[in-house]
Amino acid sequence: MAAAREHVIADLRDRIACLEGGRAKQSACLPFGVAEIDQVLPGGGLARGALHEFAGGGAGTVDGAAAALFVAGIAARTKGKIVWCLTRPDLFFPALAQAGLDPNRVIFVEGDREEDVLASMEEALSYGGLGAVVGELVRLPMVASRRLQLAAEKKASLALVVRRWRRQTEANDFGQPTASTTRWRVSALPSRALPVPGLGRATWLLELMRSRAGECAEFIVGACDDQGRIDLPSGSSDGSHSSHRSRHSG
């Protein structure tokens with residue numbers, strides 16, 4: 001009886017793991033290389049085989065420039081081609097390169113409607129073997145996000161959605177529930193001071209607003225360098241720039 005019970009329990013565990021996308025897929029992560037950030041993310045980084053959502057904050061809420069550069073930096077640290085789906089071909093290639101993403105790695109897929117972006121993302125995720133699949137969207141309905149999540153799980157693909165709005169009022173949609181594993185908001189802050197006149201490295205307020213099976217948090221970070229890496233500004237050790245739990249719920 002005991003052996004039969006253990007067999008049933010093991011079978012149920014395997015079935016649950018399959019429904020969740022598989023243990024192996026869920027354990028594969030892309031770390032940021034910043035201990036303070038990686039330690040609050042289950043698995044120690046951005047989960048592969050999952051959907052992640054990004055939006056701009058502050059003065060960059062509508063254009064989402066900082067969020068797009070953050071996503072470009074994430075994509076830059078993967079291997080393989082990047083598929084970037086969009087309706088507005090207004091990305092500034094030198095800025096992508098400055099965030100570590102070589103434009104020659106990127107396959108841009110332009111559509112007339114957001115439905116085209118969603119369909120292109122789902123097809124690219126189902127193809128597999130890509131570094132990441134990026135999509136720019138105004139709205140991300142629950143059903144559509146669930147389809148993207150399932151497509152990402154199937155091939156252990158990394159799905160990154162940049163929420164870009166045409167007007168401020170549309171940003172309220174960011175509070176609606178989706179199937180995203182994590183949800184981030186990126187706001188531009190004054191750049192780091194230099195000992196000489198000039199512009200220092202850009203600084204961002206990085207808000208982890210939702211993390212499935214994890215905690216929310218906020219970080220002040222240096223923007224992506226030419227390798228796609230972020231860092232904590234010097235002085236973090238005294239607590240002035242340390243991460244702390246976000247006031248936002250997941």
For [X], enumerate each residue passing the side-chain contact (heavy atoms from CB on, under 4.5 Å) test, keeping only those at least two apart in sequence or located in another chain.
| X | result |
| --- | --- |
| Asp226 | none |
| Asn104 | Asp102 |
| Ser180 | Leu51, Glu53, Leu140, Thr178 |
| Tyr127 | Leu130 |

Restricting to non-hydrogen atoms, name the atom on [X] and the atom on [Y] that form the minimum distance, rounded to 0.1 Å.
| X | Y | answer |
| --- | --- | --- |
| Pro42 | Cys29 | O-SG, 4.0 Å |
| Glu136 | Glu114 | O-OE2, 4.4 Å |
| Glu207 | Ser187 | OE2-OG, 4.2 Å |
| Gly33 | Asp38 | N-OD2, 2.9 Å |

If hydrophobic clusters are built by linking Ile, Leu, Val, Met, Phe, Trp and Tyr wherever their side-chain heavy atoms come under 4.5 Å apart, do [X] and [Y] end up in the same one?
| X | Y | result |
| --- | --- | --- |
| Leu46 | Leu232 | yes |
| Leu30 | Val40 | yes |
| Met121 | Leu86 | no |
| Val162 | Leu125 | no |
| Leu158 | Leu118 | no |

Give a yes or no on whether the backbone of [Y] and the side-chain of [X] come within a donor-acceptor separation of less than 3.5 Å.
| X | Y | answer |
| --- | --- | --- |
| Asp116 | Arg113 | yes |
| Ser145 | Ala179 | yes |
| Asn172 | Thr169 | yes |
| Arg201 | Ala223 | yes |

Practice problem: May I have the step-by-step check of side-chain contact (heavy atoms from CB on, under 4.5 Å) for Val221 and Leu205, ending in yes or no? | Solution: CA-CA 6 Å; Val221 302; Leu205 170 62; over 6 Å; no
Can you check whether [X] reaches [Y] side chain to side chain, under 4.5 Å on heavy atoms?
| X | Y | answer |
| --- | --- | --- |
| Arg229 | Cys224 | no |
| Pro94 | Leu96 | no |
| Ile230 | Leu206 | yes |
| Val117 | Leu137 | yes |

Quiz item: Trp84 pairs by side chain to side chain contact (heavy atoms under 4.5 Å, CB included) with which of Val106, Val109, Ile107?
Solution: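 It is Val106; the other options fail the test.
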Self-check item: Parallel, tilted or perpendicular, as decided by the 30° and 60° cut-offs, for the rings of Trp165 and Phe174
Solution: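 Answer is perpendicular, since the angle exceeds 60°.
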Quiz item: So Phe54 and Trp184, would you call those rings parallel, tilted or perpendicular, with 30° and 60° as cut-offs?
Solution: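 Answer is parallel, since the angle falls under 30°.
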Practice problem: For Thr203 and Ile220, run side-chain contact (heavy atoms from CB on, under 4.5 Å): C-alpha distance rounded to whole Å, both residues' side-chain angles, the deciding distance at 0.1 Å, then the answer. | Solution: CA-CA 7 Å; Thr203 302; Ile220 295 177; 3.6 Å; yes
Anything under 3.5 Å between a donor and an acceptor, one on a side chain of residues 58-79, the other on a protein residue two or more places apart or in another chain? List them.
residue : atom : partner : partner atom : Å
Thr61   : OG1  : Gly58   : N            : 3.4
Thr61   : OG1  : Gly58   : O            : 2.7
Asp63   : OD1  : Ala65   : N            : 2.8
Arg77   : NE   : Gly228  : O            : 3.1
Arg77   : NH1  : Pro31   : O            : 2.6
Thr78   : OG1  : Ala75   : O            : 2.6
Thr78   : OG1  : Arg105  : NH2          : 3.4

Rounded to the nearest 0.5 Å, what's the gap from [atom1] on [X] to [atom2] on [Y]? Could you check?
| X | Y | atom1 | atom2 | answer |
| --- | --- | --- | --- | --- |
| Glu218 | Arg185 | CD | CZ | 8.5 Å |
| Arg139 | Glu115 | CZ | CD | 9.0 Å |
| Arg183 | Arg212 | CZ | CZ | 11.5 Å |

Quiz item: Please, which pairs that meet side chain to side chain donor-acceptor pair (under 3.5 Å) have at least one residue in residues 90-100, sequence neighbours excluded?
Solution: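 Non-adjacent pairs meeting side chain to side chain donor-acceptor pair (under 3.5 Å): Asp90-Arg164.
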Quiz item: Hey, mind stepping through Leu148 and Val161 against side-chain contact (heavy atoms from CB on, under 4.5 Å) and telling me if it holds?
Solution: CA-CA 10 Å; Leu148 294 178; Val161 168; 4.3 Å; yes
Quiz prompt | Neighbour count above 12 (heavy atom, 6.0 Å) for Glu110 CD | solution =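 Atom CD in Glu110 is packed in, count exceeds 12.
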Quiz prompt | Residue pair His52 / Thr181, side-chain donor-acceptor N/O under 3.5 Å | solution =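 Checked: His52/Thr181 side chains show no N/O donor-acceptor pair below 3.5 Å.
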Practice problem: Begin from the C-alpha positions of Phe108 and Phe93 and carry the test ring pair (Phe, Tyr, Trp, His ring centres under 6.0 Å) through to its verdict. | Solution: CA-CA 12 Å; Phe108 292 101; Phe93 288 0; 5.3 Å; yes
